[in-house]
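This report refers to the structure that appears directly beneath it.
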Amino acid sequence: MRRREFIQSVGRTVGLSVGPGFLGLRPTVRLSVSPTLLIPMDDAQSDHLKAYGVAYRAIQAGLKAEWLLNYRGGSFLLPDGPALRREAALAGVGVEPVDDARVTAIRGEIEGANADAVPLEKAPRVAVYVPPNVPPWDDAVTMALQYAGIPFSKIWDPEVVGGGLKDYDWLHLHHEDFTGQYSKFYLIYAGASWLAEMVRYNQTAARQLGFASVPDLKKSVARHIRDYVGNGGFLFAMCTATETLDLALAAERVDIAASYADGTPPDPQADAKLDWSQALAFTGGHVEPDPTVASFSDIDGHQVNAPGRRQPLGAFKLFNFSAKIDPVPAMLVQNHRQVIPDFYGLTTSFVRERLKAGDTVLGDEEGAPWVKYIHGDHGKGTWTFFGGHDPEDPQHQIGDPPTDLSLHPHSPGYRLILNNVLFPAAKKRELKT
Amino acid sequence: MIRALTGPAALAATRRLGAELLLGWGDPMRAWTLFAPTVATPSQDAVLALRRFADRATTVPGPEAKRVRGLALNRFADFVPGALAVQARATAARALLDAGDRVGARAALEQVAADPAAAADAQALAKATLVEILIGDGLLDSAAATLAATGDRLSGEDRQALRYALVRARLARGELDRAEQLLASDSSVDALALKGWVALYRGDLKRAGDLFREAGPYAGERRGATERAAMLALLQQIGAAQNRDLGAALLLLARGDSAAAVGALRRAAGGLPAGSGRVDVLLVAGQIAMALGGTHDTTAVELFAEIVSGSPGGDRGAAPPAAELAWARLLLRRGKAEDAVAHLEHLILTYPGSAVVPEARRELERAKGAIPRS
């Protein structure tokens, strides 16, 4: 579903929809007629992350679900049936059968509180931008999707440059370096086999796609991604992908890449020549010129790999939005925890001074000069940036063992990722004003 | 560089330097081969070199480094007098034992134990370690004799620990009477636990259960307590006071004859009435067959299938879900992920209250590739 449809959809009552049976179930004519299952998302839930998968697959099968924003941690209401119960039992997801009277009572509670019920209509087609040689356990979103059982496709530069993004509703970027400098590990990890492979893959892709250098290729990819958002796509980026995507867009006409990446030194006047009007989220950033420092600019607040600038980890707090007035940011912060321990990434956070005026801050560290989680519109689409690499691996070092999410089924950080996956499924009601 | 330091014309000091380099580079045996001829005869110089080599070996990881440390200390002990020699030989024995060289360790310890010049505590320590080695080598009579000869030189606690180790070794040989003799008047919780195993292998299930309960969770190490708890759970399912077939089958298992134990447990289960621990005994047999692997997998599958199909309603105790989980794991081991998934799903849905459901979910996630293999 493109954002245009998302915006133009009208009405809260969902009409008759005859989709494929969800493992033998038939969609109901109206939402929440008996029997109904509530998937609680507060502390009563036995597996928060898999609950998103159950909801996603129900929508995918054509069932009409509702996301109860700010009600018991952002619960889901689904038509009851043996197939859904089976799904939930297998996944270890806690469900509560609710009768008509209880549903009415829940709706009453929602009406009188800062809460809302958002219909979930269509399971978004999910793409994860990932190089072909990257192991599946090196990306928090891939791990979350696999654990929750949400299907996705992997795409990379050839698909993006070839116009393949139009086939997807939702795109995720993780720790790709869109400045084309191999995360600035080129000199620091010189000789490491994984780095050599990364360089080889990228150089081959650039050559095959007709670009003079990897930075040129990545700039083009960044523009395709921006256009995808402009045309109504949903973009969710984490870690370095956030900062470097905007740097690549702002540096469309200036060389900011180290000479090892494109054969020429960066423009000494690069900072002055950056065109931030081309970027999605940030403005006024200063590029880190040292090729031996694995930092890209002063957009990142924590500077994990910059000696002398590295900041300690704290905790970030999610904002409490009005579910009825601001349903989109409200969806993105649904959680059973409001304060979440911070976690490093090559880009961990975003300095407040570098945010564009229209950005919506979803989560920040109170009193700190940085924020953690931001959202905004571009054209007909939206983007959401979440700093850090892996919410359950705060220090994340290269070569660390992969995170096993079955040991973190209640991870509030991972919930934020899955909020983003489900949010394009939501049907926005018509605003009365 | 090594060639230059170790050539035929190299001086002893140069060869020692080459040996130390090899040691530091993780090639201890080659280092010792080069080093040993340079310290073949006693001298002040050789003593110092041996001490230095042994100390350096402590910084190198791995069993080979431990072995060369033991060899160096043994040679050092040959060259130094009195208490220093005893101390070095005892340390050498420990290093050799850690390196898996039981013969070398035993030889060193026997020297210490027989050395009249050795201090009493050094002798006691050497004898205790020697008893351990003799038990490990299956020389139980020698171990018993050595233990008896230690007199009062061992602390009561050390003596008791060695006696229990000897009992366990007797049990593993099926020598129930001799094991019982060693425990005769001992009423400690450890002894009660061991007596429980003796009773169990004799088929006296009631006495075994009583003794295990009396021993409680504190006897021996944690693993032993877990084994006793598992056995108590099995005995409770069976309920009978006596069952010589089951005792004999479990004794086969204790003696390490797992293949024969599978058949014996199956026969013992066949003699039990339905609902009296039959499936639980079959489960033990199935788990052993699965652990054996290879051709025994077929037997394991037969047993698991019998347990699972015998309880279609899902209300027959803990054995059916545990059997289905084991079955799924066996299938996963054989690369049949799809079949394993079907069993895991059946388990989770049929026995939602089973204690093995969380484990089954993890296996299911692994089988589907939803979590990394760890």
Side-chain angles (χ1 to χ4, degrees), chain A residues 23-24 45-54 56-57 81-95 97 128 134-152 154 390 392-393 396 399-411 414 418, chain B residues 25-26 61 304 307-309 311-333 335-374:
Chain A
L23 302 167
Q45 180 51 256
S46 44
D47 195 321
H48 285 95
L49 306 187
K50 279 191 180 286
Y52 286 90
V54 170
Y56 181 95
R57 292 192 294 280
L84 186 59
R85 286 190 184 221
R86 179 180 187 277
E87 277 273 313
L90 286 175
V93 170
V95 294
V128 176
V134 166
W137 311 115
D138 201 24
D139 170 350
V141 173
T142 306
M143 285 192 285
L145 294 171
Q146 281 178 324
Y147 181 70
I150 295 174
F152 63 96
K154 287 182 179 179
D390 180 341
E392 295 302 336
D393 182 6
H396 189 76
D400 275 358
T403 298
D404 181 344
L405 284 183
S406 67
L407 304 175
H408 307 279
H410 309 294
S411 169
Y414 272 94
L418 290 166
Chain B
W25 293 341
F304 296 146
I307 298 163
V308 173
S309 63
S311 60
D315 57 353
R316 297 271 299 278
E324 191 145 31
L325 177 61
W327 192 353
R329 283 178 168 154
L330 190 150
L331 290 164
L332 285 171
R333 193 172 74 189
K336 296 179 178 176
E338 208 173 307
D339 294 343
V341 165
H343 277 289
L344 292 165
E345 291 189 349
H346 177 262
L347 187 173
I348 294 165
L349 296 170
T350 312
Y351 312 99
S354 165
V356 302
V357 163
E359 274 187 82
R361 282 213 181 90
R362 267 183 75 76
E363 290 291 0
L364 182 62
E365 282 150 13
R366 272 204 203 95
K368 289 179 170 175
I371 56 171
R373 295 189 179 281
S374 52

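On a predicted model such as this, the values are computed, not experimentally measured, just so you know. In what follows, every chain begins at residue 1, and chains take the letters A, B, ... in the order their sequences are listed.
For A:Ala148, no part lies near chain B; criterion is any non-hydrogen pair under 4.5 Å. Using a 4.5 Å cut-off between heavy atoms, B:Glu365 contacts chain A through its side chain alone, with no backbone atom that close.
Taking every heavy atom of both residues into account, A:Ala89 and B:Leu349 meet most closely at CB-CD2, 3.7 Å.
Interface check for chain B: of the options A:Leu407, A:Leu90, A:Leu405, A:Leu145, the most heavy-atom pairs under 4.5 Å are formed by A:Leu90.
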